[in-house]
Novice: 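One structure is given below, represented as structure tokens, and several questions about it will come after.
For ligands, and for the atoms within them, numbers begin at 1 and follow the listed sequence. These figures come from a predicted structure and were not determined experimentally.
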Amino acid sequence: MSVKICIIGAAGRMGKNIAAAVFNNDNAEAAGAVDRKGSDALGQNLYEMAGCGKGGPVITDDILKGAESADVIIDFTGAEPTYNNLPMYEKAGKPLVIGSTGFSAEQKKAIEKLSEKIPVILAPNMSLGVNVALELIEEAAGLLKGYDIELVETHHNKKKDAPSGTAMAMAEAAAKGAGLNLEENAVYARHGIIGERKPNEIGIQTLRGGDVAGDHTVFFFGNGERIEITHRAHSRQTFAQGAVTAAIWLAGKPKGLYNMKDVLGLKK
Ligand code: NAD
């Protein structure tokens, strides 16, 4: 049986890739597509708009209508729109996969609250590779005691939030492995006479340019050597396929908050 999916943010870079991933997945079909009020995509057929095939549901700006016949909703709109859409998702009452990134602590709390009513996956990165990298980073940070941890991420010039959700997840993994509190030790910018690096600092730097889908490197600097753990996304299809895998996994699950480690079976 194929899982019926409603894509919110259908006309975006990720929305189009998710439409193609659904189109090419025998276990999924598009049952609804939503974009913001005033979007040029409204009234178009999803698969045609995404350039992956003929037909598909008509894109609407009405979430309840778009989600009406769906089993699962996938939202890749951005932190602010996702947060504003939460009351509609509660009304729709369908399992929800959230791929948007850049949520504030307060916005994350609201998502947690919603997961007391419906099943929700919140995953700043949907790729298998990144989720395996998170495991490796945590383990390396535990083994490389006293090494200086630094992280650099690069994304395309249209990305709105910084550092990326993936960078923050990697920094969290490194902090956890090293037994450090990320909030107390993260350093997001260096400029001027800043003095020597503090031993527990976790530096997180951001580059923006061109059409980079997403590169992340965590460095562990020691004396006379360093280890670098790098993930490079070649295209957005890796995230889109992950989002569809997550949606299929979430259909029929009990209410609660899940992540990609649950979906991919990476929980220890
Ligand atoms: P984008 O700007 O290309 O697309 C966003 C789409 O959402 C647009 O079509 C926009 O019109 C639509 N939208 C905005 N407000 C809306 C609303 N209220 N209701 C319905 N639709 C609305 O952005 P993008 O590059 O596709 O990225 C979207 C989000 O996904 C970002 O937060 C990004 O960081 C995140 N992302 C996550 C992953 C992951 O693996 N989890 C991967 C890539 C990107």
Novice: Supply the members, apart from I63, of the Ile/Leu/Val/Met/Phe/Trp/Tyr cluster built from side-chain contacts under 4.5 Å; use none for a lone residue.
Specialist: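 Listed partners: I8, V34, L64, I73, Y83, L86, M88, Y89, L96, I98, F103, I111, L114, I118, V120, L122, L257.
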Novice: Begin from the C-alpha positions of M170 and E153 and carry the test side chain to side chain contact (heavy atoms under 4.5 Å, CB included) through to its verdict.
Specialist: CA-CA 10 Å; M170 287 182 169; E153 64 104 331; over 6 Å; no
Novice: Applying salt bridge (charged side-chain N to carboxylate O under 4.0 Å, His left out), run through E150 and R226 and close with a yes or a no.
Specialist: CA-CA 11 Å; E150 296 279 318; R226 69 175 178 261; over 6 Å; no
Novice: Is it true that T230 and D215 share a donor-acceptor pair across their side chains at a distance under 3.5 Å?
Specialist: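 There is no such pair (donor and acceptor under 3.5 Å, judged by atom type) between the side chains of D215 and T230.
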Novice: Determine whether a donor-acceptor pair (N or O, by modelled atom type, separation under 3.5 Å) exists between the side chain of N131 and the backbone of N125.
Specialist: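 Confirmed, N131 side chain pairs with N125 backbone.
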Novice: For ligand 1, what is the set of protein residues having any non-hydrogen atom at a distance below 4.0 Å?
Specialist: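 Under the 4.0 Å cut-off, ligand 1 touches I8, G9, A11, G12, R13, M14, D35, R36, F76, T77, G78, P81, N85, G99, S100, T101, A123, P124, N125, M126, K159, K160, D161, F239.
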Novice: Mark yes or no for whether K253, through its side chain, and P119, through its backbone, hold a donor-acceptor pair below 3.5 Å.
Specialist: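 Pair absent, no side-chain N/O of K253 close to backbone of P119.
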